Structure formats: C-alpha cells, structure tokens
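Report on the structure given below.
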Amino acid sequence: MSEPIVYADQWRAVMQRAGYRCQCVGQCGSKHAKGGGRCERQHDKYADKHHGPARLLTAPADPTLTLTAAVALSTGELRAWCGFCLDGARRTARTAARKGPDPNEGGLFDL
C-alpha cells in the first residue's frame with residue numbers, strides 16, 4: 001500500500017480511523033448515493049474506469065481552513081479525502097462564502 005513520505009504516522013492514523021475510505025458525506029456537492037451517503041473511493045483502489053487508483057489525502061474536516069491553520073490541527077481534526085471530493089468541498093465552501101447569509105433566515109441581529 002502506498003503511503004506519503006512525510007507525516008506518514010499521522011496519515012496512517014487518519015486512514016485507519018476512516019477505514020482507508022474517503023470520509024466525504026456530501027460536502028463536495030455530490031449525494032454519494034451509491035455509497036450510502038459517503039464517498040466510495042478507497043485508497044489505492046480504482047475509482048472508476050476513467051481514472052487510476054485513488055490516493056487519499058488527509059486534510060481538515062473544514063475545507064475552508066488555510067494551510068497555516070491546517071498544519072496546527074491534531075489527527076482527530078483531520079479527515080480522509082479523495083482529490084475529487086476535497087476539490088469539490090473547497091469549491092462549494094468558496095461559493096457559499098461569496099453568496100453571504102441567506103436573507104430568508106431572518107434578521108437575528110437586526111435592530
């Protein structure tokens with residue numbers, strides 16, 4: 001099984017907790033219907049006929065964190081992500097941040 005060269009102990013701890021499977025449950029925008037709501041991609045396994053084997057990454061559960069903030073996280077605050085889901089989660093979070101608050105949610109802080 002392939003492993004990263006650096007931070008292998010932390011990577012291995014996150015992967016073992018995740019069962020070597022991507023932990024995305026829709027943050028990327030996909031419903032992951034085939035996987036029961038969770039991404040089906042597994043480390044070193046072929047995702048589909050159009051892509052090679054998936055190489056899972058460890059990244060913050062909150063995809064909006066900066067790299068500076070992410071390096072200070074413990075392994076408990078990291079998740080296993082496939083590249084597709086991590087990119088999608090970051091894109092979804094950026095889009096939501098640009099939209100701003102929903103005007104239909106009321107004015108809790110309006111005076």
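Computed from a predicted structure; not experimentally measured. Along the sequence shown, residues are numbered consecutively beginning with 1.
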*Should Cys85 and His32 count as side-chain neighbours, where that means a heavy-atom distance under 4.5 Å?*
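SC-SC contact between Cys85 and His32 confirmed.
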*Are Cys24 and Trp81 close enough that some pair of their side-chain heavy atoms sits under 4.5 Å apart?*
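In short, these two side chains touch, coming nearer than 4.5 Å.
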Drop me the distance from [X]'s [atom1] to [Y]'s [atom2], to the nearest 0.5 angstrom.
X: Gln10; Y: Ser74; atom1: CD; atom2: OG; result: 10.5 Å
X: Thr75; Y: Met15; atom1: OG1; atom2: CE; result: 11.5 Å
X: Arg12; Y: Thr58; atom1: CZ; atom2: OG1; result: 12.0 Å

*asked:* With clusters defined by side-chain heavy atoms of hydrophobic residues (ILVMFWY) lying less than 4.5 Å apart, directly or transitively, does Val71 cluster with Val6?
replied: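 No, Val6 does not connect to Val71 through the hydrophobic network.
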*Find out if a path of hydrophobic residues (ILVMFWY) with successive side-chain heavy-atom gaps under 4.5 Å connects Leu65 to Val14.*
yes
*Let me know which of Lys45, His43, Gln42, Gln23 forms a side chain to side chain contact (heavy atoms under 4.5 Å, CB included) with Leu56.*
His43
*Lys/Arg N to Asp/Glu carboxylate O, Glu40 vs Arg21, below 4.0 Å*: no
*Can any side-chain N or O of Asp44 pair as donor or acceptor with the backbone N or O of Ser2 at less than 3.5 Å?*
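The answer is yes, because a donor-acceptor pair under 3.5 Å joins these two groups.
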*Kindly say whether Cys22 contributes a backbone atom to a donor-acceptor pair with the side chain of Arg38 at under 3.5 angstrom?*
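Answer holds: yes.
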*Start with the C-alpha gap between Asp62 and Glu77, add the side-chain angles, then the distance that decides, and say whether side chain to side chain contact (heavy atoms under 4.5 Å, CB included) holds.*
CA-CA 9 Å; Asp62 177 4; Glu77 298 169 295; over 6 Å; no
*Going through the distances and angles, do Arg17 and Arg79 end up as a side chain to side chain contact (heavy atoms under 4.5 Å, CB included)?*
CA-CA 9 Å; Arg17 190 177 66 239; Arg79 300 289 177 268; 3.8 Å; yes
Least distance between heavy atoms, [X] atom then [Y] atom:
X: Pro63; Y: Arg90; value: O-CG, 3.6 Å
X: Leu57; Y: Gly83; value: CD1-CA, 4.4 Å
X: Tyr46; Y: His51; value: CD2-O, 3.5 Å

_Test side chain to side chain contact (heavy atoms under 4.5 Å, CB included) applied to Ser30 and Cys39, step by step_ = CA-CA 9 Å; Ser30 173; Cys39 180; over 6 Å; no
*Give the C-alpha distance, both sets of side-chain angles, the deciding distance and a yes or no for side chain to side chain contact (heavy atoms under 4.5 Å, CB included) between Thr92 and Gln27.*
CA-CA 7 Å; Thr92 301; Gln27 299 94 322; over 6 Å; no
